[in-house]
Every structure is written in structure tokens, then in C-alpha cells.
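Quick caveat: nothing in here was measured; it's all calculated off a predicted structure.
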Amino acid sequence: MLDIHIFDVDHGFCAAIDRYNHHSILIDTGFNTRTGFSPWQHLLKRQCRTIDCLVVPAYSPDNLAGIQPLLDHCLEHGLNINLLVANPTVDAEQFPELKAASLWAKNYLDVTTKMHPECQKTSQHMKVDDVDLSFFWNAQDTYQASHDLSLVTFVSYDDIEIVFPSNLTAAGWQALLQCEDFRTHLRRVNTFVASNHGHESGYCPEVFNYCRPDVVLISNQGNERVSSAMLNQYKIHAKGASDGVCDGQRPALEGHRKVLTTYDNGTITISKCLDRVRHITAKSLVHQVEAIA
């Protein structure tokens, strides 16, 4: 059993992969100043004892701002961090928050990476119990813009295939698309988290030559709506969640079966329980999403 939460935050991004053994995998450390949400509160509420993997995928000040408060509360409440995962080509000395996290746990990608000679890209795969994680990145000696150094994370669990591209821009996407292994991972995706909060700068149409997700999920930035142009663009690429179910609050409109945003729907959760089809739930909508044959 597994829950993946994409939280409604107004600083950075935050997602948690919760397993039913009081362990979590945390992707980014964003928080919400309007609601008071922070990832450490979520971890304490569910009595998490261990963060199996802290993924730090983005290196802008907004994304890094939540790291130190998380570390402080982990120290106060005795939470362990087993592994850190970040772009290994990024110099932690340039980012005090990333350096602080590296004092807690070794960056897994510093230890072992896989080189793809055909495209000169690097990647790594790891398994946390039944959860498969794959990471791809561009090198800092080639790309200086922090957004294009974003770590792309693929998560696979049973019939859940989701990609978290962080703040990657079109240039970063195009560089990674040179890698056949990256394109192979995209072909498996059924849940696509839009890059860079759904902004146009994070949109790369070539990605959807390989990826045709059921749904696109967008974590809004600073409580701002995504432009209608980008919403429509992502709706074109999504196939739509099958067997949509109304939760009694509002009808499951066709557009919402293709794109969900934290601005409109609040925290979005993807759940998998035993052999049932995965469920995507949000503040006002519930969707059953059947596995792709």
C-alpha cells in the first residue's frame, strides 16, 4: 500500500511518498505560508520515524528555503534521514542548505551513477522496498541555469508510473531527451507532474512524442493560477482518467479528468491499495484511474 501526496504549497514544491511502515520518501521541502503547512508537520502527523530518501531536486532559493526547518525538526523529534539524493554535479558549497542536508546523509548519486555513452548523460536507479526510483540530470559544467540542473525523478510502484521533473525548462528537457533510457522511462508514465509549476518555460512539446499520460498534475506557484493557454496545452496531451467518480461536491468535469492543480483542488493524493486500481483524490474530486494495458 502506498500514498503519494503532492502538497498545496506556495514556496517551492513538496511531495511525499508514504508507505505503511512509518517510513516516507520526501521530494523537495516546500511549504505554505498561507495555511501553515510544512513537510515536517505531515511527517509527524503520520508518526513517521524515518525518511528513507530526501530528494533535493531543485536549487533555487525558493526550493531550498524549506530544508533547514525540516532538518531542525528532524533533530528535535528524532527523525532519521537515510539517504540524500541531489544532482551530483551541483557544488554543495554554493548552496548552504544543500550542504547542511549533506551533513545528515551522503548523496547517493555521489557514490554510484550510470553513464550512457551514446548521449553522455548520467542516471541512477534505486529501490526502496517495492518502490522503484530513477533519476536523470544535466551536468553543471554544461548547464549553468539552476532550473536546468533540476533532478528528474521517476517513481514506479505497481500500476503507478509518475514523473517529477522539478523546475526543468525546455532546454533541460531537450538535453535529456537525447538519452534513450530517459525516453524509455517517459513512455511508461501515466501520471505527469508539470515542470516548473505549469509555467510555459517548463513546457517542452517534444516530451509528448514519447509520453502520453492519463493525467497531468500541477503544483501552482505562490497561489497563482496557471494560464489558460498552458492548461489547454496539457489537456491536449493527457488521455484522461477513466471511470471518474464524483465525490458529492461537484461533477467530475472532463477537463478535471485530464488536469488537476493544487490551486483548484488542494493537495492531490495518488493511492494504491492491494490489487485495486490506483486512485487520484483531491479536495473536491475523486478519480479512479485504470492501469494502462
Inset, instruction - Please confirm whether F208 and F192 have ring centers closer than 6.0 angstrom. - result: yes

Inset, instruction - Quick one: closest heavy-atom pair of S123 and D181, and the distance? - result: OG-OD2, 4.0 Å

Inset, instruction - Classify the side-chain pair T267/D8 by whether it contains a donor and acceptor separated by less than 3.5 Å. - result: no

Inset, instruction - May I ask you to decide if V131's main-chain N or O and D129's side chain share a donor-acceptor pair within less than 3.5 Å? - result: no

Legend entry - L176 side chain reached by V152 side chain, heavy atoms, under 4.5 Å: yes

Inset, instruction - Please report the closest heavy-atom contact between K239 and K258, naming both atoms and the distance. - result: O-CE, 3.9 Å

Legend entry - Salt bridge present between D130 and R19 (N-O < 4.0 angstrom): no

Inset, instruction - Assess the side chains of N167 and S150: does a donor N or O sit below 3.5 Å from an acceptor N or O? - result: no

Legend entry - Value rounded to 0.5 Å, distance of CD1 in I67 from SG in C74: 11.5 Å

Inset, instruction - Examine distances only and state if a side-chain atom of R183 and a backbone atom of Q178 form a donor-acceptor pair shorter than 3.5 Å. - result: yes

Inset, instruction - Test side chain to side chain contact (heavy atoms under 4.5 Å, CB included) on T29 and Q68 and set out the steps. - result: CA-CA 9 Å; T29 58; Q68 193 59 57; over 6 Å; no

Inset, instruction - Starting from the C-alpha separation in whole Å, work towards a yes-or-no answer on side chain to side chain donor-acceptor pair (under 3.5 Å) for S60 and N63. - result: CA-CA 5 Å; S60 70; N63 289 91; 2.6 Å; yes

Legend entry - Non-hydrogen side-chain atoms of S24 and L43 separated by less than 4.5 Å: yes

Legend entry - Reported OG-to-CG distance for the pair S166 and L149, which is rounded to 0.5 angstrom: 10.5 Å

Legend entry - Any side-chain heavy-atom pair of I270 and T191 under 4.5 Å: yes

Legend entry - Main-chain N/O of E93 paired to D91 side chain as donor or acceptor, under 3.5 Å: yes

Legend entry - Side-chain donor-acceptor contact under 3.5 Å, S271 with D3: yes

Inset, instruction - May I have the step-by-step check of side chain to side chain donor-acceptor pair (under 3.5 Å) for T169 and H147, ending in yes or no? - result: CA-CA 6 Å; T169 69; H147 281 6; over 6 Å; no

Legend entry - Pairwise side-chain contact, L2 with D158, heavy-atom cut-off 4.5 Å (strictly under): no

Inset, instruction - Establish, yes or no, whether a centroid distance under 6.0 Å links the rings of F7 and H42. - result: yes

Legend entry - L84 and V56: CA distance, side-chain angles, deciding distance, side chain to side chain contact (heavy atoms under 4.5 Å, CB included) verdict: CA-CA 7 Å; L84 172 70; V56 181; 3.6 Å; yes

Legend entry - Distance (rounded to the nearest 0.5 Å) between L186 CG and F182 CZ: 4.5 Å

Legend entry - Within 6.0 angstrom of K45 NZ, more than 12 heavy atoms from elsewhere: no

Inset, instruction - Answer yes if the side chains of T261 and D264 hold a donor-acceptor pair under 3.5 Å, and no otherwise. - result: yes

Inset, instruction - Evaluate whether atom CD of E200 has more than 12 neighbouring non-hydrogen atoms of other residues, nucleotides or ligands under 6.0 angstrom away. - result: no

Legend entry - pair S195-W173: side-chain heavy atoms closer than 4.5 Å: yes

Legend entry - Residues Y157, D132; criterion side chain to side chain contact (heavy atoms under 4.5 Å, CB included); working and verdict: CA-CA 6 Å; Y157 178 83; D132 288 299; over 6 Å; no

Inset, instruction - Find out if a path of hydrophobic residues (ILVMFWY) with successive side-chain heavy-atom gaps under 4.5 Å connects Y234 to V207. - result: yes

Legend entry - Where K272 and I160 come nearest, the two heavy atoms and their spacing: CB-CD1, 3.8 Å

Inset, instruction - Take V90 and L98, measure what side chain to side chain contact (heavy atoms under 4.5 Å, CB included) needs, and give me the verdict at the end. - result: CA-CA 9 Å; V90 170; L98 184 58; 4.0 Å; yes

Legend entry - H197 (side chain) donor-acceptor with S219 (main chain) under 3.5 angstrom: yes

Legend entry - Between SG on residue C14 and CG on residue N32, distance to nearest 0.5 Å: 11.0 Å

Inset, instruction - Kindly say whether Y263 contributes a backbone atom to a donor-acceptor pair with the side chain of R225 at under 3.5 angstrom? - result: no

Inset, instruction - Say whether N196 and Y203, considering side chains only, have a donor N or O and an acceptor N or O under 3.5 Å apart. - result: no

Inset, instruction - Compare every heavy atom of P213 with every heavy atom of H237, then report the nearest pair and how far apart it is. - result: O-CD, 3.7 Å

Inset, instruction - Using a 4.5 Å cut-off on heavy atoms from C-beta on, say whether the side chain of T281 contacts that of I268. - result: no

Inset, instruction - Measure centre to centre between the rings of H125 and H185, then say whether the value is under 6.0 Å. - result: yes

Legend entry - Among V9, D10, T262, the one residue meeting side-chain contact (heavy atoms from CB on, under 4.5 Å) with N220: T262

Inset, instruction - Look only at the side chain of T50 and the backbone of D52, and say whether a donor-acceptor pair between them is shorter than 3.5 Å. - result: no

Legend entry - Separation between CZ of F95 and CG of L64, rounded to the nearest 0.5 Å: 6.5 Å

Legend entry - CD on E76 to CG on L71, rounded to 0.5 Å: 13.0 Å

Legend entry - Side-chain touch L177/C204, heavy atoms, less than 4.5 angstrom: yes

Inset, instruction - Determine whether the aromatic ring centres of Y108 and F135 lie less than 6.0 Å apart. - result: no

Inset, instruction - Heavy atoms only: give me the nearest D62-H11 pair and the separation to one decimal. - result: OD1-ND1, 2.8 Å

Inset, instruction - Report yes or no: do F37 and L79 belong to one cluster of Ile/Leu/Val/Met/Phe/Trp/Tyr joined by side chain heavy-atom distances under 4.5 Å? - result: no

Legend entry - Same cluster (ILVMFWY, side-chain, under 4.5 Å), I27 and V128: yes

Inset, instruction - Find out if a path of hydrophobic residues (ILVMFWY) with successive side-chain heavy-atom gaps under 4.5 Å connects L75 to I81. - result: yes

Inset, instruction - Examine F154 together with F136 and report whether their ring centres are nearer than 6.0 Å. - result: yes

Legend entry - In one Ile/Leu/Val/Met/Phe/Trp/Tyr side-chain cluster, 4.5 Å: L168, M230: yes

Legend entry - Nearest atoms (heavy-atom pairs only) where W137 meets L151: CE3-CD1, 3.6 Å

Legend entry - Non-hydrogen side-chain atoms of L26 and V55 separated by less than 4.5 Å: no

Legend entry - N-O pairing of R187 and E180 below 4.0 Å: yes

Inset, instruction - Check each of I6, L217, V215 against L260 using the side-chain contact (heavy atoms from CB on, under 4.5 Å) test, and report the only one that passes. - result: L217

Legend entry - Y59 (side chain) donor-acceptor with Q94 (main chain) under 3.5 angstrom: no

